[in-house]
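Both ligands and their constituent atoms are indexed starting at 1 by order of listing.
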Amino acid sequence: MIALKSPREIEVMRRSGQVTADVLTELMQAVRPGISTAELDRMAEAGIRARGGIPTFKGYHGFSASICASVNDEVVHGIPGERVLRDGDLLSIDIGTTLDGYVSDSAVTVAVGSISSAARRLLEVTQECLMLGIAAMRVGGHVGDIGAAVQAHAEAHGYGVVRELVGHGVGREMHEEPQVPNYGSAGTGAELREGLVLAIEPMITQGSPRVSIQKDGWTVVTADGKLAAHFEHTIALTATGAKVLTLREFAERPEAQAYRLMPSATV
Ligand code: MG
Ligand code: MG
């Protein structure tokens with residue numbers, strides 16, 4: 001069953017999303033060669049708790065940290081640790097906050113130092129996939145519209161779309177119905193209705209979309225060892241359109257380019 005949210009619930013989720021966005025911004029600013037993923041994780045937990053939130057990931061199905069930190073060929077669910085980031089790495093940070101009983105969920109992939117132009121392109125296109133997915137989130141549409149938009153853009157650039165992991169409804173629980181695949185056909189799947197809150201999260205690969213899981217039981221890596229990127233926002237569908245609840249301050253950032261793809265009602 002899909003739990004639609006009232007305007008009051010969406011307002012609480014917006015506050016949760018603001019904590020997620022602010023802490024993620026801090027982490028993005030801290031990423032540099034020489035920092036460990038464990039340091040970023042400690043920053044994340046401190047930042048969430050300082051704002052009155054609870055790190056949603058910590059303890060989720062036994063996960064030990066407050067963020068997922070996935071490097072290079074790691075797609076998602078990397079466990080923070082003593083790994084030190086190096087110039088040229090790609091780092092995906094996924095973070096969730098529970099505030100006043102409601103979850104927000106967001107992720108970005110960022111460059112560590114200077115990265116190759118091919119890696120830069122993967123980041124840009126994956127973020128554009130997210131924005132096109134958000135733009136497809138309209139009252140009266142269908143969940144398949146989102147996946148179709150994401151898939152078309154990724155595959156037009158020769159990239160792979162991971163099938164095994166999908167976006168999801170979000171609210172009192174991090175993972176609620178419906179599932180939101182990053183592939184599919186427009187006009188199929190559950191209808192998009194006012195009050196629906198989704199985490200849309202394209203996971204895009206440079207090569208084959210096939211993935212496998214590392215021995216730690218969590219870390220998802222590309223089967224061919226090529227790079228992957230992951231961007232995610234929590235978005236509410238309201239009477240006046242889709243609202244991104246985890247929107248970061250972006251005007252001065254290169255990533256602002258991708259935001260041109262969002263309909264103006266979302267900002
Ligand atoms: Mg997430
Ligand atoms: Mg998610």
Ring centroid separation F57 to H77 under 6.0 Å: no
Tell me which N, O or S atom from D94 is the closest to the Mg ion (ligand 1). OD1
Should the ring pair H153 and H157 be called parallel, tilted or perpendicular, given that the plane angle runs from 0 to 90° and is split at 30 and 60? perpendicular
Restricting to N/O/S, name the atom of E201 that gets closest to the Mg ion (ligand 2). OE2
Heavy atoms of other groups near E39 CD, more than 12 under 6.0 Å: yes
Between the Mg ion (ligand 1) and D105, is there an N, O or S atom separated by less than 2.8 Å? yes
Opening angle between NE2 in H168 and OE2 in E232, taken at the Mg ion (ligand 2), to 10 degrees: 110°
For T98 and T56, which I'm curious about, is there any donor-acceptor pair between the side chains at under 3.5 Å? yes
